[in-house]
Number of protein chains: 2
Amino acid sequence: MSSCDTCVVRNRAICAGLEDREIATLSAMGRRRTVAAGEPLIWEDDDSLLVANVIDGVLKLTTSTEDGREQIVGVAYPSDFIGRPFGQTSKASVVALTDAKVCVFSRSDFDRYAREHPELEHKLLERTLAELDRTRSWMMLLGRKTAPEKIASFLIEMSERLTETGCAPTLGPARRFSLPFSRQQVADVLGLTIETVSRQFTKLKNDGIVELPSRREVEIINRGALVSLAG
Amino acid sequence: MSSCDTCVVRNRAICAGLEDREIATLSAMGRRRTVAAGEPLIWEDDDSLLVANVIDGVLKLTTSTEDGREQIVGVAYPSDFIGRPFGQTSKASVVALTDAKVCVFSRSDFDRYAREHPELEHKLLERTLAELDRTRSWMMLLGRKTAPEKIASFLIEMSERLTETGCAPTLGPARRFSLPFSRQQVADVLGLTIETVSRQFTKLKNDGIVELPSRREVEIINRGALVSLAG
DNA sequence: GCATGGCCTTGACCAAAGTCAAAACACCAT
DNA sequence: ATGGTGTTTTGACTTTGGTCAAGGCCATGC
């Protein structure tokens, strides 16, 4: 019996729908790993040696300039696929934001396996296309939205992405949630400075649109106002 | 004999490497179309009815806010694939920047065909992964670079992408080229205003880093300086 | 309880880029 | 050549968000 049998993302990750025999082969290739919050899994511009499925936790994908400016270019949640298959180098670093569990594969093993299993490649393609759509709408935010619009869009997206995605029928967006990001990381997602993020959070609180019970907790009081601020 | 036999992107587009019989089927499904400069091919948020290969010309992918702000989220050159397979709606508009020739397919026909031809899906996956990498490095530019850095990065990328990609062994980046963008469109790529773009172009000219023989022509005089400005 | 260190918030000031308006230029058709 | 149109450039001014610096908050360890 492979660990896949008890995997919580078994029905949502790209392995979903594979036959038992295929799962067994894949399972033999991969291994589980934990990544502590703050710990890196993949380095920007390094050889692409690993790919992985996220089982639990949240990780950030980042690119940096030489002088240390950082931009978060993606966020990976449970069941998401990370790493760069079919490519020599990884163009983004992957670092855990919370303690995380992942199922890692050697990239070359995975590439070989994927090429022999069109169904798996198809799932990966669907996921990659969806991620590209999401990334492009993030470009709109970075290039054309103001700081208040960025913060409002961010909180709306967080409330949608952080709802527990168990087996239960889809719940609506979360009214209250705990951000997996520090203020600096929110700034790195939105292309702002930490001070601007802080001021905008304070403004939303003073306007009665959100409550901020603690540094990481957010409660949305007036979702309509937030949506209309998001533009 | 199908029109694919004489297609100039036959060896570079996703159709490359298909067998003659497969090409014949694909050819029967698709048809050539010309798109005049400025004319749209796909609308944002519309049902995704078409996908296409670019044969000749340059097209922009854009997203817009309700109040009319526009962000160019991608640019498609000959041999690139456009449209959103395996999805209900297209999240970006596609508009020709120059007169263009494309080879269009009904999305549902294409989806069906692709699912039966893993080699084609694999090519599409490789392309989508590469596009995602490019898009993410564009996010870095939008979120964290200054106007001078954006303009310099843009000109470097243009000089690399606009080299004639015929059958000849890869030439280096173009020293002189004709932009397929108006000033406003450059602004829409970089998340700037037209005035800022214009001022930065003028500054590069005054500093002797580029020549601007006409509105669309650019000649890079001091590539080293441009690269270091790009950061 | 109190000191320590890491975040986060706030305030005063500044600079980069945006806005508005006018002039210059290029391109086109006549 | 000439006039008309739309694009680009330039200038003056404003605004947004960044920078720098100080202070507050909270968790942790002594």
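Side chains included, hydrogens not; waters and symmetry mates left out as well; all remaining heavy atoms used. Please read these numbers as outputs of a predicted model, since none were measured by experiment. Each chain gets a letter, A, B and so on, in the order its sequence line appears, and its residues count up from 1.
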| So do Asn53(A) and Ile14(A) actually touch side chain to side chain, heavy atoms under 4.5 Å? | yes
| message | Quick check on side-chain contact (heavy atoms from CB on, under 4.5 Å): which of Val197(A), Val210(A), Thr196(A) does Ile151(A) satisfy it with? | response | Val197(A)
| field | Rounded distance (Å) that lies between atom P of dT9(D) and atom NZ of Lys203(B) | value | 16 Å
| remark: Whole-Å distance, Gln200(A) CD to dG18(D) C1', equals 13 Å
| request: Taking the six-membered ring of Tyr77(B) (Phe, Tyr or Trp), confirm whether the NZ or CZ of Arg161(B) is under 6.0 Å from its centre and within 45° of its axis. | output: no
| field | Leu97(B) CG - dT7(D) C1' separation (whole Å) | value | 16 Å
| Which pair of heavy atoms, one from Lys150(B) and one from Leu190(B), lies closest together, and at what distance? | NZ-O, 2.9 Å
| task | Find out whether Arg33(A) and Leu41(A) are in side-chain contact, i.e. whether some heavy atom of one side chain is under 4.5 Å from a heavy atom of the other. | result | yes
| query | What string of B, S and - do you get for nucleotides 8-16 of chain C 5' to 3' if you count protein non-hydrogen atoms under 4.0 Å? | reply | SBBBB----
| query | Once you round it to whole Å, what is the distance between P of dA26(C) and CD of Glu217(B)? | reply | 14 Å
| field | Value in whole Å for how far the C1' atom of dT7(D) lies from CD of Gln185(B) | value | 12 Å
| Please give, in whole Å, the distance from dT19(D) C1' to Arg144(B) CZ? | 14 Å
| said: Taking NZ in Lys145(A) as the centre, count heavy atoms belonging to other residues, nucleotides or ligands within less than 6.0 Å. Is the count above 12? | reply: yes
